[in-house]
Amino acid sequence: MLSFSNIRWLDDKGRIKPPLFLYLILIFLARGWCVFILSLTQAGQRDGLVKLFYPLKDDFIASIIVGSIGLGIYFLVTVERRGKPLWLIPVFSKLKLLLFASVSTEFALIVIRLSHIDYQFSWIYAIEILILFWGIIYLLKSKHLKYYSQGWTIDRDKKTE
């Protein structure tokens, strides 16, 4: 049950706003797409910029695929804010499951990327794994995310029409 201490979670219409940490997780998951977009701005050095972050082409492609899941989740969040189309409500109710699957997949990709360097310590990978652990703990413990993922119902949007 929501308490009055959680009133900052509500928007002007009384609906639960998306958590800020949800957006941060989605940006982290879509970092392959961010690198891709940045590489488009560098006409002569596209390959060099991508190789700086992803030395192997397969790692970059895998990051784009996992990032696509993150972009799909961002699309769901955007659709929820608008309240349409209603047929996406069952998909939105699985938001935590989708996030957990994409974070777990990202963790597996980092382990694979670590195998390419024979599991030697790297600060970049250490920070990425730390962010993923924080993300998993957040997904498991956040009441805000739990209530948010349960907050889009057909009844809610029929009341606001």
Fill in the blank from the handout: Taken to the nearest 0.5 Å, the spacing of Ile131 CD1 from Ile27 CD1 works out to 11.5 Å
Exercise for the section: Go through the structure and list residues passing ring pair (Phe, Tyr, Trp, His ring centres under 6.0 Å) with Tyr148, not counting sequence neighbours. Expected result: Phe92
Practice task
Report whether Leu40 and Leu49 are members of the same hydrophobic cluster (ILVMFWY, side-chain heavy atoms less than 4.5 Å apart, transitive linking).
Solution key: yes
Problem - Nearest non-hydrogen partners of Trp152 and Pro85, listed with the distance - result: CH2-O, 3.4 Å
Practice task
Please tell me if the side chains of Tyr125 and Ile117 come closer than 4.5 Å, counting only heavy atoms from C-beta onward.
Solution key: yes
Exercise for the section: Compare all side-chain heavy atoms of Arg15 with those of Arg81 and state whether any distance is below 4.5 angstrom. Expected result: yes
Exercise for the section: State whether the number of non-hydrogen atoms from other residues, nucleotides or ligands found under 6.0 Å of Ile124 atom CD1 is greater than 12. Expected result: no
Exercise for the section: Could you check if a side-chain atom of Leu29 sits within less than 4.5 angstrom of a side-chain atom of Ile69, using non-hydrogen atoms only? Expected result: no
Completion exercise
Rounding to 0.5 Å, atoms CG (Leu130) and CH2 (Trp123) come to a distance of 10.0 Å
Practice task
Indicate yes or no for a side-chain donor-acceptor contact from His144 to the backbone of Lys17 under 3.5 Å, with no hydrogens or angles considered.
Solution key: yes
Problem - Any Phe75 side-chain heavy atom under 4.5 Å of Leu71 side chain - result: no
Show me the donor-acceptor pairs within less than 3.5 Å that the side chains of residues 97-115 make with the rest of the protein, sequence neighbours left out.
residue	atom	partner	partner atom	Å
Ser102	OG	Leu98	O	3.2
Ser102	OG	Leu99	O	3.0
Ser104	OG	Phe100	O	2.8
Thr105	OG1	Ala101	O	2.7
Glu106	OE2	Arg31	NH1	3.3
Glu106	OE2	Arg31	NH2	2.6
Ser115	OG	Ile112	O	2.5

Practice task
Could you tell me whether the side chain of Phe28 reaches within less than 4.5 Å of the side chain of Leu132, counting heavy atoms only?
Solution key: yes
Handout entry: Nearest heavy atoms of Pro19 and Tyr138, plus distance in Å
Key = CB-OH, 2.9 Å
Exercise for the section: Kindly work out whether a path of hydrophobic side-chain contacts (I/L/V/M/F/W/Y, heavy atoms less than 4.5 Å apart) joins Leu140 to Phe133. Expected result: yes
Exercise for the section: Taking the side chain as every heavy atom from C-beta outward, state whether Pro18 and Tyr23 have any atom pair closer than 4.5 Å. Expected result: yes
Identify every side-chain donor-acceptor pair in residues 59-67 under 3.5 Å, counting partners at least two apart or on other chains, and give the distances.
residue	atom	partner	partner atom	Å
Asp59	OD2	His116	ND1	3.2
Ser63	OG	Tyr54	OH	2.9

Completion exercise
So NZ of Lys94 and CD1 of Ile89: to nearest 0.5 Å the spacing works out to 13.0 Å
Exercise for the section: Decide whether Ile137 and Ile129 are clustered together by the hydrophobic rule: side chain heavy atoms of Ile, Leu, Val, Met, Phe, Trp, Tyr closer than 4.5 Å, transitively. Expected result: no
Exercise for the section: Report yes or no: do Val91 and Leu139 belong to one cluster of Ile/Leu/Val/Met/Phe/Trp/Tyr joined by side chain heavy-atom distances under 4.5 Å? Expected result: yes
Handout entry: Cluster link Ile73 to Trp87, ILVMFWY, side chain under 4.5 Å
Key = yes
Handout entry: Flag, side chain of Lys96 to backbone of Ser149, donor-acceptor distance under 3.5 Å
Key = no
